[in-house]
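Chain naming here is simple, since letters A, B, ... match the order of the sequence lines and numbering starts at 1 in each. On a predicted model such as this, the values are computed, not experimentally measured, just so you know. Worth knowing before you read on, the calculation uses all heavy atoms, side chains too, and leaves out hydrogens, waters and symmetry mates.
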Amino acid sequence: MPRLGKDLRQYLRVEMLPNVWCPGCGHGNVARGIATALDELQLPLEQVVMVGGIGCSGRTPFYFNVSAMHTTHGRALTFATGIKLAKPDLTVIVTMGDGDAAAIGGNHFIHACRRNIDLTAIVYNNATYGMTGGQHAPTAPRGTRSSTTPRGSIEAPFDLVELALGAGATYVARTTTFDFDELPRRIAEAIRHPGFAVVEVLTQCPTFYGRSNGLGDATAMLDYERDQTVPVEQITKEDLVGKLPLGVFRQAEGAEYVREYAALCAASRGAP
Amino acid sequence: MRLIQGNEACALGAIRAGCSFYAGYPITPASEIMEWMARLLPARGGVFIQMEDEIAALGAVIGAAWAGAKGLTATSGPGFSLMQEHIGYAAMTETPCVIVDSQRAGPSTGMPTLPSQGDVMQARWGTHGDRAAIVLTASSVRDVYEVTVAAFNMSETYRLPVVLLLDAILSHMRENVELPELEVVDRARPAAPEGFQPFAGQEFLPFGEGANLVVTGLAHAESGRPRASDGVNLERMLRRSRDRLAADAELISRHRAYRVEDARHLILAYGITARAAHAAVDRLRGEGVRAGLLELQTLWPFPERLVADLAARVEDVVVPELNLGQLVWPVRAAVAGAAPVRGLSRADGRLFSPAEMAVAVTERTEVVHAPAR
């Protein structure tokens, strides 16, 4: 159930507020989803590390009352991999944007999926580069207008879910900032999942994406998210044209990297 | 006494220094360091991981450092170029870690199996922005072991990424060595986690040990919280790290002086080139020429006073390098006209011979090697 009215301030580093996000930005919804998930999981906060990339989404760790590492563009997963391997008891949650995950950090993203290392990657997909002023992003649909595609994009977008599935992530979900109740549930499932978990969140950028593409204000963009998506269980062939499926696409057991490494260490004890 | 390779000595030095984390990407001529760490670390409870590229390797090392590990990565020129992004991040976040660059002839893919000293300036200035830097080098297999330990100790003491420059010859040559027990330094910890300011000084607390830290590559306050528009604060932090090294310049400066007491001609050399220089000094002395050698193991911070004091006592200074002239510039600045400074260059992937170095001292030539037509 949505936890409307629940006071989540204990999860926030309140002295860092207000946040940098524009009015109407969906990133606050994602942050609320993370706080709600932390509340549900009741993890000891001093054992949680949030690692951010660069851009609007990368700022998220600053606002949480956990250890925060704001890293470099696209490479948050590499830092998170080092943290997790060096101290496996820590819960490591990575927040990154579509530029982080699908462009500059695409290589790190697929390799983290392949290793199936026990990290949670929350990818905020607003299909734009918001922090730098609304340039084209690799998840933006063909035809999208932006400051670097003023006549519309001629490129095909990445489907992050397909990418994560193909690369071997063992938990893969897509949700939206419209899905107020589902969003924290997916994040909680991902954190609980003992392997590499990807949650792609479609989130609105009314300031740049919305304005450049005539999608209106934040509420109109939330409606657009609703109308352009369909739950994966209900999907039909017609839906697949121009719409994105939502839901959990994989939740599977698999050899997890940290545990595999621990077994390797145990087997090599006493070797020269 | 053991017959070991330079890269093996580096790995053994790292283990000796308490390195518990290695992330890397294979590259000639550094790969054996990685291969040794892959064998040594799991049996010792340490972490080894082969990453998808060199940027990822250093990112993982920095993450591990903030989880409390002593981390190492090793590479060569092309990988070192990629690592510059995270060398800057490590500097900005005052993260202790060690980066080995076994130099090969470049630029670009260059000559992968042939030595070079072409990364001397990149090691100091390769990342964008200003920063304090410690860069070390070595000239023998035994030195590689000792300087690797020193690199870890300095990174722990000053909370900096420390670069160790090797080269293709030093990495691959084998020598009979004793590997001594050496003193190991661990990063200082705060007395208590409560109210700990992670960027107020040398003390370091990892994630998950009682304080919720904030770490960012943005300019930040001593609390770690970003202060991306406060230039006064950033400049103060930059000057503070630089001044820390300046205050300890003598402790950081590792060097050897050979037959310099009465020398009229000073050869200033570093890395593999110092081996030929040592032999050249003996050869020149045999011919009645009073030559001496200053071998630098610490290239940065550059030991200005040491060089200036020695240069003031000689007729000339010769700086042989396997590049087109890099360290010769800070030498010239330090000598400040007290004696003529000549650079000897070769960038053809070969080493200087003692004989050609000796001739260069007596004939006062600048370029030893003329490329064949």
(request) Under 4.5 Å, counting heavy-atom pairs only, tell me which of B:Gly46, B:Ala23, B:Gly68 racks up the most with chain A. (result) B:Gly46

(message) So for A:Asp89, is it side chain, backbone, both, or neither that comes closer than 4.5 Å to the heavy atoms of chain B?
(response) neither

(request) Could you tell me the separation between the CD atom of B:Gln50 and the NE2 atom of A:His111, rounded to the nearest 0.5 Å? (result) 10.0 Å

(message) Is the shortest side-chain heavy-atom distance between A:Val49 and B:Trp66 below 4.5 Å?
(response) no

(request) Identify the heavy atoms of A:Tyr261 and B:Leu41 that sit nearest to each other, and give their distance. (result) OH-C, 4.4 Å

(message) I need the minimum non-hydrogen distance between B:Leu213 and A:Ser67, along with the two atoms involved.
(response) N-OG, 3.0 Å

(request) For atom OH of B:Tyr25, decide whether the heavy atoms of other residues, nucleotides or ligands shown that lie under 6.0 angstrom number more than 12. (result) no

(message) So B:Phe207 and A:Met69, do their side chains get closer than 4.5 Å, heavy atoms only?
(response) yes

(message) On a heavy-atom basis, which atom in B:Ala67 and which in A:Ile83 lie closest, and how many Å separate them?
(response) CB-O, 3.8 Å

(request) For residues B:Asn212 and A:Asn65, determine if any side-chain heavy atom of one lies less than 4.5 Å from a side-chain heavy atom of the other. (result) yes

(message) With rounding to the nearest 0.5 angstrom, report the OG1 to CZ distance, B:Thr95 to A:Phe79.
(response) 8.0 Å

(request) Write down the atom of B:Pro206, the atom of A:Lys87, and the distance for their closest heavy-atom approach. (result) CB-NZ, 4.1 Å

(request) Locate the shortest heavy-atom distance separating B:Pro42 from A:Leu264; write the atom from each residue and the value. (result) CB-CD2, 3.5 Å

(message) So which residue, B:Val61, B:Leu58, B:Leu218, ends up with the most heavy-atom pairs under 4.5 Å with chain A?
(response) B:Leu218

(request) Tell me, for A:Leu85 versus chain B, whether the close heavy atoms (under 4.5 Å) come from the side chain, the backbone, both or neither. (result) both

(request) To the nearest 0.5 angstrom, please state how far the CD atom of B:Glu54 sits from the OG1 atom of A:Thr78. (result) 12.5 Å

(message) Just so I understand: if I count every heavy-atom pair under 4.5 Å between each of A:Gly270, A:Ser268, A:Gly105 and chain B, which residue has the most?
(response) A:Ser268

(request) Measure distances from A:Phe64 to the heavy atoms of chain B and classify the residue's part below 4.5 Å as side chain, backbone, both or neither. (result) neither

(message) If I compare all heavy atoms of A:Tyr257 with all of B:Phe48, which pair ends up nearest, and what's the gap?
(response) OH-O, 4.0 Å

(message) Out of A:Glu46, A:Arg75, A:Gln47, return the one with the most heavy atom pairs under 4.5 angstrom to chain B.
(response) A:Arg75

(request) Could you have a look at A:Cys265, A:Ala271, A:Ala266 and say which one has the most heavy-atom pairs with chain B under 4.5 angstrom? (result) A:Cys265

(request) Using a cut-off of 6.0 Å, state whether more than 12 heavy atoms not belonging to A:Phe158 lie near its atom CZ. (result) no

(message) Heavy-atom count check: over 12 atoms from other residues, nucleotides or ligands less than 6.0 Å from A:Glu253 CD?
(response) no

(request) Measure the shortest side-chain to side-chain distance between B:Val214 and A:Met16 over non-hydrogen atoms and say whether it is less than 4.5 angstrom. (result) no

(request) Determine, for A:Arg114 against B:Glu52, whether the closest basic-nitrogen to carboxylate-oxygen distance falls under 4.0 angstrom. (result) no

(request) Can you tell which part of B:Ala57 gets under 4.5 Å to a heavy atom of chain A, answering side chain, backbone, both or neither? (result) neither

(request) Considering only heavy atoms and a distance below 4.5 Å, find which of B:Arg39, B:His86, B:Met92, B:Arg44 pairs most often with chain A. (result) B:His86

